[in-house]
Amino acid sequence: MMKIVFATNNQHKLEEIRSILGDSFEVVSLSDIGCHEDIPETGKTLEENALMKAQYVYDHYHVNCFADDTGLEVDALDGAPGVYSARYAAEGSQQTGLSHDSEANMARLLRELGNNNNRKARFRTVIALIEKRNVCPCGCTSIKKVSQFEGIVEGEIIREKRGGEGFGYDPIFQPEGYDKTFAELGTDIKNSISHRARATQKLADYLKTL
């Protein structure tokens, strides 16, 4: 079984990824390898952030690893919150403790949208994978391979929260083709159609070729 590090300590994301990848891979978290550092996420795009996290783990622990970054992109807000989705409520605020506060993030998003009838939005996940390949002939460094995989799910932002499952913006995001939010659909359905599921499936398909 292939062992690979997922650059996260978010239990929700870890369980979701493990469920999608199945038993073919042993997916371990940052804490499992003794990494408790706050890895910088200062990129301007999802692609930059995902690669930054994976590169940090690879440089410090020299293991096969992947990292993801996900953003909710709302058309009426010119693609916001985007790369700042997890800390949307904290952007420009003097209040502390708002980063990664899902309730505060949803409240700001609904407030910013107001009565705008254009509710079109999408979740986008980018996964960056770094594989450790053969050691350089001179022995000075290892040769790595970097790959990226993207998953997108279209949908809309509803006007009030619905559902008690999921995390993040799930209670206010209704995927295209469904009349329920991610938080109402349940884990099994969400894991089969979500942005992360689609990106992870591409990752899994690639890993199975190794």
Side-chain angles (χ1 to χ4, degrees), residues 1-36 39 41 46-47 49-51 53-54 56-58 61 63-73 85-86 100-103 105-106 121-131 146-155 158 161-210:
M1 181 185 297
M2 181 178 182
K3 183 176 181 178
I4 190 166
V5 177
F6 180 19
T8 187
N9 277 322
N10 183 313
Q11 199 60 34
H12 288 294
K13 289 168 65 172
L14 191 62
E15 289 172 1
E16 193 172 89
I17 287 284
R18 283 174 173 163
S19 173
I20 294 165
L21 283 179
D23 298 330
S24 301
F25 309 94
E26 181 187 357
V27 181
V28 299
S29 68
L30 291 175
S31 61
D32 290 331
I33 61 169
C35 178
H36 303 287
I39 301 176
E41 296 181 53
L46 301 178
E47 288 81 1
N49 273 347
L51 184 56
K53 288 185 283 187
Y56 181 94
V57 174
Y58 183 83
Y61 297 90
V63 291
N64 294 324
C65 60
F66 68 93
D68 79 323
D69 201 24
T70 294
L72 175 64
E73 301 171 344
S85 294
H100 296 271
D101 184 329
S102 296
E103 293 297 325
N105 288 338
M106 285 189 285
R122 71 202 48 80
F123 267 119
R124 191 163 68 90
T125 289
V126 175
I127 293 176
L129 168 71
I130 300 183
E131 302 166 63
V146 179
S147 307
Q148 288 197 329
F149 310 90
E150 181 186 61
I152 299 173
V153 61
E154 300 285 347
I158 61 171
K161 293 186 297 178
R162 295 202 316 257
E165 295 193 44
F167 59 98
Y169 295 91
D170 286 357
I172 59 172
F173 182 82
Q174 182 171 297
E176 201 171 75
Y178 292 81
D179 59 2
K180 294 181 179 180
T181 67
F182 268 162
E184 294 176 297
L185 286 171
T187 303
D188 289 345
I189 295 177
K190 180 191 172 183
N191 283 354
S192 69
I193 65 170
S194 77
H195 44 294
R196 188 171 289 109
R198 292 172 180 178
T200 304
Q201 189 58 57
K202 291 177 182 178
L203 168 67
D205 291 343
Y206 172 78
L207 291 176
K208 288 171 184 174
T209 68
L210 298 181

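Counting from 1, the numbers follow the sequence of the chain as shown.
- Checked against salt bridge (charged side-chain N to carboxylate O under 4.0 Å, His left out), E16 has the following partners two or more places apart in sequence or in another chain: K190, R196.
- Every residue meeting the side chain to side chain contact (heavy atoms under 4.5 Å, CB included) condition with V28, not counting sequence neighbours, appears here in chain and number order: K3, V5, E26, D32, I33.
- Checked by atom type and distance alone, the side chain of T209 pairs as donor or acceptor with a backbone atom of Y206 at under 3.5 Å.
- For K161, the salt bridge (charged side-chain N to carboxylate O under 4.0 Å, His left out) criterion is met by E103, not counting sequence neighbours.
- Side-chain atoms of S85 come within 3.5 Å of backbone N or O of L72 as a donor-acceptor pair.
- Nearest heavy-atom pair across G151 and A199 is N-CB, 3.5 Å.
- Residues forming a side chain to side chain donor-acceptor pair (under 3.5 Å) with E165 (at least two apart in sequence, or on another chain): none.
- In this structure Y178 satisfies the ring-ring contact (aromatic ring centres under 6.0 Å, His included) test with no other residue, sequence neighbours excluded.
- For the side chain to side chain contact (heavy atoms under 4.5 Å, CB included) test, residues two or more places apart in sequence or in another chain that qualify with A128 are A50, L51, A54, Q148.
- Other residues, nucleotides and ligands contribute at most 12 non-hydrogen atoms within 6.0 Å of the CG atom of D188.
- Looking at residues two or more places apart in sequence or on another chain, you find a side chain to side chain donor-acceptor pair (under 3.5 Å) between R122 and D75, E154.
- Here the OG1-CZ distance, from T70 to F123, works out to 8.0 Å after rounding to the nearest 0.5 Å.
- Taking the side chain to side chain donor-acceptor pair (under 3.5 Å) definition, one finds that K13 meets it with D68, sequence neighbours left out.
- Partners of F25 according to the ring-ring contact (aromatic ring centres under 6.0 Å, His included) rule, which considers only residues two or more places apart in sequence or in another chain, do not exist here.
- Closest heavy-atom contact between I193 and L185: CD1-CD1, 4.1 Å.
- For E73, the side chain to side chain donor-acceptor pair (under 3.5 Å) criterion is met by R124, not counting sequence neighbours.
- When side chains are defined from C-beta on, Q174 does not count as touching E184, because their heavy atoms never get closer than 4.5 Å.
- In this structure, the ring-ring contact (aromatic ring centres under 6.0 Å, His included) partners of F66, at least two apart in sequence or on a different chain, are F6.
- Remark: M2 CE to N64 CG distance equals 4.5 Å, nearest 0.5 Å.
- Here Y61 pairs with nothing under the ring-ring contact (aromatic ring centres under 6.0 Å, His included) rule; sequence neighbours left out.
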